[in-house]
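Please read the structure below before turning to the comments.
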Amino acid sequence: MTTIKLALQKKGRLSEGSMDLIRRCGIKVQNGIGKLKAEASNFPIEFLFLRDDDIPGYVQDGIADIGIVGANVMVEKDSHVEVVHHLGFSKCRLSIAVPKDQEYNGIQDLDGKSIATSYPVLLKKYLDEQGVTADIHEISGSVEIAPSIGLADAVCDLVSTGSTLFQNGLKEVEQIYKSEAVMVATPDLAEDKQAVLNQLLFRIKALQEAES
Ligand code: ATP
Ligand code: ZN
């Protein structure tokens, strides 16, 4: 039987939910977690463990057939992959936040200001829609400290509970994108692989229905 290759985040906020989903589908994973590759003993699937940023590209290019990634990363990378299912975990929002003591009356207040983010594409799209011009500073991590070190006036970052923003003296003022983990697939997946994907999706949907 044809084996399907699934790209998963190696370590991070998607990893646990992804592996948990696979296990709850009754799929037994062989080899140690933490390796680059693993396979299943009772389902025709192989796993590739990657950085989440690389997953859309690997799936687009067909190196992996399917992947589990945050919708935010998929949109940010402008990748040509198909969203085949919404998985309902790793829910978060991409939000703009400003120092908590700063007066804020609306998005126009950010015109001419600088905003630090790891998601320049999503941010630019939102600012363009709102007719606001701001200076976007792309940084790859620890975005929330940017205002306190004088690097930017505001931030645009992923938020789930809001506690990280709060701890850094920031307040959330605009929600610009709502995200969750999604299953993506290579466009025009071969028929035999599509059949395996359908079996996997059948199990996932059954789990979701049982839980709802
Ligand atoms: P990698 O080392 O794989 O590049 P990363 O540091 O870029 O990892 P994580 O912080 O693990 O990424 O986040 C992965 C995804 O988890 C995010 O893109 C997002 O979809 C989701 N996520 C859910 N809640 C949060 C949150 N509170 N903060 C950040 N990401 C979250
Ligand atoms: Zn990443």
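We count ligands from 1, going down the list as the structure has it; atoms in each ligand are counted the same way. Source: prediction; values computed, not measured.
A salt bridge between E129 and K125 is present, with a side-chain N of the basic residue lying under 4.0 Å from a carboxylate O of the acidic one. Comment: K5 does not engage D65 in a salt bridge, judged by the lack of any side-chain N to carboxylate O separation of less than 4.0 angstrom.
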Problem set entry | Audit row: E211, R24, salt bridge (Lys or Arg N to Asp or Glu O under 4.0 Å) steps and yes/no | CA-CA 12 Å; E211 279 161 10; R24 285 190 300 128; 2.4 Å; yes
Problem set entry | Worked verdict on V98 versus D153 for side-chain contact (heavy atoms from CB on, under 4.5 Å) | CA-CA 7 Å; V98 299; D153 301 306; over 6 Å; no
For this session: Would you check, one step at a time, whether the test side-chain contact (heavy atoms from CB on, under 4.5 Å) holds for V81 with I66?
Result: CA-CA 9 Å; V81 294; I66 56 176; over 6 Å; no
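Taking a cut-off of under 4.0 Å to the non-hydrogen atoms of Q9, the atoms of ligand 1 that pass are 1 (P), 3 (O), 8 (O), 9 (P), 11 (O), 12 (O), 14 (C). Taking every heavy atom of V73 and a limit of under 4.0 angstrom, the matching atoms of ligand 1 come to 18 (O). Atom numbering of ligand 1 starts at 1 in the shown order; those under 4.0 Å from a heavy atom of G70 are 20 (O). Taking a cut-off of under 4.0 Å to the non-hydrogen atoms of S90, the atoms of ligand 1 that pass are 23 (C). Within the listing of ligand 1, atoms 18 (O) sit less than 4.0 angstrom from a heavy atom of Y119.
With a 6.0 Å radius and a threshold of 12 heavy atoms from other residues, nucleotides or ligands, E16 has its CD atom at or below the threshold. Counting non-hydrogen atoms of neighbouring residues, nucleotides and ligands closer than 6.0 angstrom, the NZ atom of K171 exceeds 12 such neighbours.
Distances from the Zn ion (ligand 2) to each N, O or S atom of D52 single out OD1 as the nearest. Of all N/O/S atoms in D53, OD1 sits nearest the Zn ion (ligand 2).
Protein heavy atoms come within 4.0 Å of atom 2 (O) of ligand 1.
In terms of protein heavy-atom proximity, atom 20 (O) of ligand 1 is closest to N72 OD1, 2.6 Å. The protein non-hydrogen atom at the shortest distance from atom 27 (N) of ligand 1 is S160 OG, 2.8 Å. Scanning all protein heavy atoms for the shortest distance to atom 31 (C) of ligand 1 gives R13 CD, 3.2 Å.
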